Amino acid sequence: MQQYNPHEIEPRWQAEWERSHLNRVSEADDKPQYYALEMFPYPSGDIHLGHVRNYSIGDVISRYKRMQGFNVLHPIGWDAFGMPAENAAIKQESTPGAWTYANIDRQRASLKRLGFSYDWDRSVVTSDVEYYHWGQWIFLKLWEAGLVERRNSPVNWCPSCATVLANEQVVGEGGCWRCHTAVERKVLEQWFFKITDYAQELLDDLDSLDGWPERVRQMQANWIGRSTGAEIDFTLCDAAGEPTDEKIRVFTTRADTLFGCSFFLLAPEHPLVEDFVAGTAYEAEVRRVVKLAASATAVERSKGEREKNGAFTGRFVVNPINGEKVPIWISDYVMMDYGTGAVMAVPSGDQRDYEFARKYDLPIPPVVVAEGDPMLLLLRGNARRVMDDVPWECAYDGPGVMVQSGAFTGLPGGKDSEGAQAVIDQLALEGVGQATVNFRLRDWLISRQRYWGNPIPAIYCDVCGIVPVPQEDLPVVLPKDVDVTAGETLADRPEFYEVDCPVCGKPAHRETDTMDTFTCSSWYYLRYTDPHNKELPFARTVVDGWMPVDQYIGGIEHAILHLLYSRFFTKALRDQGLLGFDEPFTNLLTQGMVKLEGEVMSKSKGNVIAPEDMIERFGADALRVYILFMAPPDKDLDWSQESLEGIYRFLNRVWRSVFDLLGAEVVDEEGTRLSLYDTNLDEAAALERGKQLNRELHRVIGKVTADFDRFNFNTAISALMELVNATGAYLKVPLDRRDEALAREVARALVLLVAPMAPHMAEELWHVALDETGSVHLAPWPSFDPSKAIADTVELAVQLNGKVRARVVVATDASEFEVREAALAAAAALIGGRPIEKVVVVPRKLVSIVY
RNA sequence: GUCGGCGUGGCGGAACGGCAGACGCGCUAGCUUGAGGGGCUAGUGUCCGAACGGACGUGAGGGUUCAAAUCCCUCCGCCGACACCA
C-alpha cells in the first residue's frame with residue numbers, strides 16, 4: 001500500500017482531467033440539464049478562503065448532480081471591470097488592464113489547484129471585448145425598449161472615486177460602497193436604467209422564489225419599499241394669499257389624517273422654493289436653512305439628535321378636504337426624491353411632524369384617537385375642530401377613531417383603513433386626489449465618469465441630439481492606452497470621442513462615461529450558456545434550455561445590488577423576446593463568511609489565511625473537506641488550523657480503510673503494520689460484524705444522499721466518519737473470515753461518497769485501490785436499500801410520566817400491541833400496580849406511559 | 001425606530017415535537033515508539049456517589065403537550081439589513 005500523498009496525486013489528476021476534457025459540457029448530451037453557478041470573482045488579488053468556500057460548495061453540488069445523471073453546466077469567469085483596477089494601476093504605475101489580467105491568471109491557477117470541475121472553455125471575462133460588446137448590444141436593446149434615459153437628477157457623488165453612484169451603492173451611513181467616503185448630493189445629467197418600471201413585478205415575483213432564503217427576499221422587499229396611499233392636490237395661493245390655479249401634489253399613506261394637516265412642507269431643494277421667497281422678507285431665513293441642509297452630508301444627517309430645521313416661505317396652500325389655508329414651510333427632513341418632495345404635515349399623527357410643530361409652535365389638532373384614550377370621550381362625534389393641541393408627549397400613528405374630521409368623523413382611522421379609503425374616494429370624486437402606490441426604489445444610475453468600464457454606446461450630435469451607436473458599429477472598443485496614472489479618462493482622448501454623427505454625418509461627440517460594473521454582472525450567467533456566439537449575446541434556444549440557474553451560490557452582501565439588478569435584466573430581456581423565463585435564479589444559497597477569531601479577514605488587519613499555504617501543507621482535498629465540515633454553508637465559519645489537521649487525518653483514515661478493506665497490507669510511513677486481526681473471532685461473530693457493517697453502509701449512503709440534497713455537507717461528512725469508524729471493527733476480522741464482496745462494496749461506496757468533496761483522492765483510490773476504469777466522477781451515485789439499514793431488534797426508551805425510567809429491546813417489526821406489552825412488563829416494578837392512564841407508542845423510538 | 005436572524009459542553013457544531021450534546025477539535029489515561037510525530041484503545045455536560053445509580057441541564061421566565069432545544073407568549077443578550085420613506 002502506498003502512502004496518501006496529496007501533493008503527488010492532485011496535480012497528476014488535474015492534468016489528466018484537463019487532457020481528457022472531463023468537465024466539458026455540451027447541449028448535445030441528452031441527460032437532463034442542471035445549471036450550478038457560483039458568483040464569479042472580482043480579480044482584486046489572490047483567491048481567499050471566502051472563494052474557496054463558495055466554490056467548494058458549488059463544486060460538490062455539481063459533481064453530485066453529475067453522478068446522479070445530470071448534464072451539469074458549471075462555469076466560471078471574472079467580473080473584471082471596476083475601480084480597484086484603476087486605483088491599483090495608479091499605485092503601481094501600471095495599467096488597469098495589466099493588473100486585472102495578471103490577477104486573473106493567478107486566480108485561475110489557484111482555482112485549478114483546488115480541482116474545481118469547471119468547463120474552462122466557457123469562461124468569460126467581462127473586460128474582454130468579446131464580452132462587453134454584447135453588454136453594449138443589450139444597452140441598445142434596452143434603449144429601444146424605452147428603459148434607458150439620460151436626465152437631470154439629484155445623484156450621489158463620491159468625491160474620492162470622482163464618480164456618481166447608484167442608490168444601492170451608497171452603504172452604511174451614507175458612504176461609497178467601494179471606499180466608504182461620505183457621498184455628496186449633486187444635481188447632474190446622468191444615464192439611468194428604468195428599473196422602477198419593474199418595481200411591482202420585482203416585488204410580486206419574490207413570492208415565487210421559494211428557493212431563496214427568506215431574509216434575502218425580505219431585504220429586497222424592503223428595498224423596493226412599496227407603500228399604498230394617495231396623491232392629493234393642494235391649491236397654491238399667490239403672494240397675497242389668494243388661491244391660484246396651480247396645485248402642489250403630495251403623497252401620503254394616511255389620507256384619514258387629512259383634517260389634521262396644520263402646515264405644509266417642501267424639500268429644501270424643491271424647485272418652487274426659489275420662486276416663493278426671492279425678494280421677500282422670508283428669503284434670508286429660507287436660504288439659511290437650504291444651505292444648512294445642503295452642507296450636511298448623509299452621514300451627518302443620520303447621526304445625532306436629528307434636530308429638525310425649517311423656515312416659513314411666506315406662502316400658503318389650501319387643504320382640499322376642508323378649504324383650510326395652511327402655511328408652506330421648508331424642512332430638511334423632507335426629501336426631494338421620495339414621493340413628490342412635498343408633504344402634508346399632520347403633527348398629531350406623525351412623530352417628525354410633531355417634533356417640528358413643537359419646535360416652531362404650530363397647531364397639533366388630533367384627528368385619529370386610539371380606542372381607550374380618555375380624549376376620545378371628549379371628542380367622539382365632534383365633526384368640527386374644537387381642539388388645536390394634544391396633551392400627548394408624542395404623535396399617535398396607530399389605528400383609532402377619526403375625530404374633528406367633518407363627515408368622516410367616527411370612521412375607523414389608520415393605515416389602509418376604511419376612513420382613509422373614504423377620504424380618498426371623496427377626493428377622487430372632486431378630482432383633487434386618487435389612490436396610488438409609491439415605491440422607495442429609484443431608477444438605477446448606470447453612468448460612471450471612469451475609464452475602466454464598458455463604454456456607453458451613445459453619441460451627442462448638435463443637430464440630432466443624443467443618438468445611439470448603430471448596432472453594426474459595435475463594439476465601441478475601450479482604448480488600451482489611457483493613462484490613469486496621469487488622471488486621464490476617455491474625456492481626455494479626442495481620438496476616442498471625436499466621431500461623425502451616425503445619423504447626419506456631421507462631427508459629433510462620443511459619450512465618454514462608462515457603465516456601472518454591475519451592468520456586466522447582471523447578465524454573465526446568460527452568456528455562459530452560449531459563450532462563443534458571435535452574432536448575439538446568446539441564442540434564445542440555448543439560453544432557454546439551460547436557464548434559469550438551478551442553484552446559485554454566493555455571499556449575502558449581494559442580496560440587494562447584484563441579485564436585484566439581475567432580476568431586472570432578466571425581466572427586461574424577456575420583454576424584448578430575448579429569453580423565455582421570468583426569474584434568473586431558482587434556488588439561492590447565501591454562504592456565510594470565513595472569519596478568524598470572530599473577525600473578518602482582511603489585508604489591512606493582517607489576519608489573512610492564504611488558501612495556497614494550506615494547499616501546500618495539507619492538499620486541496622483536505623482544505624475543501626475542511627471548509628465544508630466546519631459549519632453549515634449558510635453560517636459564518638471560524639478558521640481553525642487544528643480542525644484542518646483533523647480532516648487531513650480523516651482523509652488518511654479513508655485512504656487506509658479502503659486499502660485494508662480490499663485486503664492490502666496496511667502499514668504506516670515506517671512500515672509498521674497497522675491492521676491487527678482479532679484471531680479469536682469465531683465464524684458467527686465475524687458474520688455478525690459483517691451484518692452490522694452492511695447496515696451501517698446502507699444507513700450512511702441514505703444519510704449522505706439526504707444531506708447532500710439539503711446541502712448539509714457538515715453532517716454528510718460526519719456520517720462518512722461514522723462509516724469509517726464502523727469499518728474499523730470489521731477490519732479486525734481476519735482475512736480468511738471476511739466477506740470479500742461486502743468489503744469491496746463498502747470500499748467502493750466510500751470512494752463514491754467522498755468523490756464530490758475530495759475529488760483527487762477519490763479518483764486515485766478508484767483506479768489504484770479499486771482497479772476500476774473510467775473516472776469516478778462519471779460513475780453513478782451509489783444506491784441503497786433502506787430496509788437493509790434496519791437491525792432485527794431495536795432498543796426503546798420507556799418513559800414514565802415524561803421521564804425515561806427503563807429500556808426494552810423488541811423486534812424491529814413488533815406490533816404496537818407487542819411493544820406496549822413489553823414496555824409495561826419492563827416498567828411493572830416501577831409502576832407498582834397503580835392504574836395506567838395512557839400509553840403512547842412511538843414506533844422504533846419510545847413508549848410513554850402515564851399513570 | 002422598522003424588518004430579519006441567532007442564543008445548546010472548553011471549542012466548531014448534531015438532534016421529522018420523541019433517549020440533548022451525533023461527528024470532529026481539544027483534553028486525560030493506557031498501549032505502540034529510543035524520543036517526537038503518527039497510529040490504536042478507553043474516557044470526557046454539571047453536581048452527588050468508590051460503584052450500581054441519581055439529580056440538574058439547550059439565554060431568563062411563563063404556557064401548550066404523555067413528551068419542548070424544537071411550538072406559543074413575555075423579557076434579556078448578540079449579529080445583520082434598512083433607516084427623517086411622509
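Note that the coordinates shown come from a computational prediction; the quantities given were computed from them, not determined experimentally. The chains referred to below are lettered A, B, ... by the order of the sequence lines, with proteins before strands, and numbering in each begins at 1.
- A:K803 has a side-chain polar atom (N or O) that falls below the 4.0 Å cut-off from OP1 or OP2 of B:C56.
- Across all non-hydrogen atoms, the minimal contact from A:I232 to A:L258 is CD1-CD2, 4.0 Å.
- For the ring pair (Phe, Tyr, Trp, His ring centres under 6.0 Å) test, residues two or more places apart in sequence or in another chain that qualify with A:W639 are A:Y626.
- Among the nucleotides B:A86, B:C82, B:G4, the one closest to any side-chain atom of A:Q218 is B:G4.
- Counting any heavy atom pair closer than 4.0 Å across all strands shown, A:R442 reaches no nucleic acid atom.
- For A:R805 and B:A55, the shortest distance from a side-chain N or O to OP1 or OP2 is below 4.0 Å.
- Counting heavy atoms of neighbouring residues, nucleotides and ligands inside a 6.0 Å radius, atom CD of A:E816 does not exceed 12 of them.
- Residues A:N801 and A:Y333 each lie close to RNA chain B; by heavy-atom proximity, the contact nearer the 5' end of the strand is made by A:N801.
- Exactly one residue among A:N607, A:L49, A:D638 makes a side-chain contact (heavy atoms from CB on, under 4.5 Å) with A:L596. That residue is A:N607.
- Within 4.0 Å of A:R352, counting heavy atoms only, lies at least one base atom of the nucleic acid.
- Looking only at atom types and distance, the side chain of A:Q692 has no donor-acceptor partner in the side chain of A:E696 under 3.5 Å away.
- For A:L265 against A:A345, the heavy-atom pair with the smallest separation is CD1-CB, 4.1 Å.
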Which donor-acceptor pairs under 3.5 Å do side chains of residues 711-724 of chain A form with protein atoms, sequence neighbours excluded?
unit_1 : atom_1 : unit_2 : atom_2 : d
A:T715 : OG1    : A:D707 : OD2    : 2.9
A:T715 : OG1    : A:N712 : O      : 3.1
A:S718 : OG     : A:N714 : O      : 3.2
A:E722 : OE1    : A:R699 : NH2    : 3.1

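- Residue A:V850 is in sugar-phosphate contact alone, with no base atom involved, counting any heavy-atom pair closer than 4.0 Å across all strands shown.
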Test log, rule side chain to side chain donor-acceptor pair (under 3.5 Å), inputs A:S227 and A:N438
CA-CA 5 Å; A:S227 331; A:N438 204 32; 5.7 Å; no
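- Taking the ring pair (Phe, Tyr, Trp, His ring centres under 6.0 Å) definition, one finds that A:F356 meets it with A:F263, A:W329, A:Y333, A:Y360, sequence neighbours left out.
- One interatomic measurement links the two molecules: NE2 of A:H558 to P of B:A81, which rounds to 14 Å at whole-angstrom precision.
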Side-chain donor-acceptor pairs of residues 839-851 of chain A under 3.5 Å, sequence neighbours excluded:
none

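- By the ring pair (Phe, Tyr, Trp, His ring centres under 6.0 Å) test, A:F518 is found to be paired with A:W177, A:Y565, residues two or more places apart in sequence or in another chain being considered.
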Quick test: give all pairs of protein nitrogen or oxygen and nucleotides 7-11 of chain B nitrogen or oxygen below 3.5 Å, distance rounded to 0.1 Å.
none

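- When the side chain to side chain donor-acceptor pair (under 3.5 Å) test is applied to A:D636, the partners found at least two apart in sequence or on another chain are A:K595.
- For residues 215-226 of chain A, the salt bridge (charged side-chain N to carboxylate O under 4.0 Å, His left out) pairs, not counting sequence neighbours, are A:E214-A:R217.
- Side-chain atoms of A:M335 lie closest to B:C85 of the nucleotides B:G18, B:G13, B:C85.
- Remark on RNA chain B: of its neighbouring residues A:R215 and A:I556, the 5'-side contact belongs to A:R215, judged by nearest-heavy-atom nucleotide.
- When both distances must be under 3.5 Å, the Watson-Crick or G-U wobble mate of B:G77 is B:C6.
- Within residues 250-260 of chain A, the residues approaching RNA chain B are A:F251, A:T252, A:T253, by heavy-atom distance under 4.0 Å.
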All N/O contacts under 3.5 Å from nucleotides 68-73 of chain B to the protein, with atom names and distances to one decimal?
none

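- Sorted by first and then second residue, the pairs that involve residues 248-257 of chain A and meet salt bridge (charged side-chain N to carboxylate O under 4.0 Å, His left out), not counting sequence neighbours, are A:E231-A:R249, A:D233-A:R249, A:R254-A:D256.
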How does protein reach along nucleotides 19-26 of chain B, written 5' to 3' as B (base within reach of a heavy atom under 4.0 Å), S (only sugar-phosphate), or - (no contact)?
B--BBSSS
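- Looking at heavy-atom distances under 4.0 Å, A:D636 makes contact with sugar-phosphate atoms alone, never a base.
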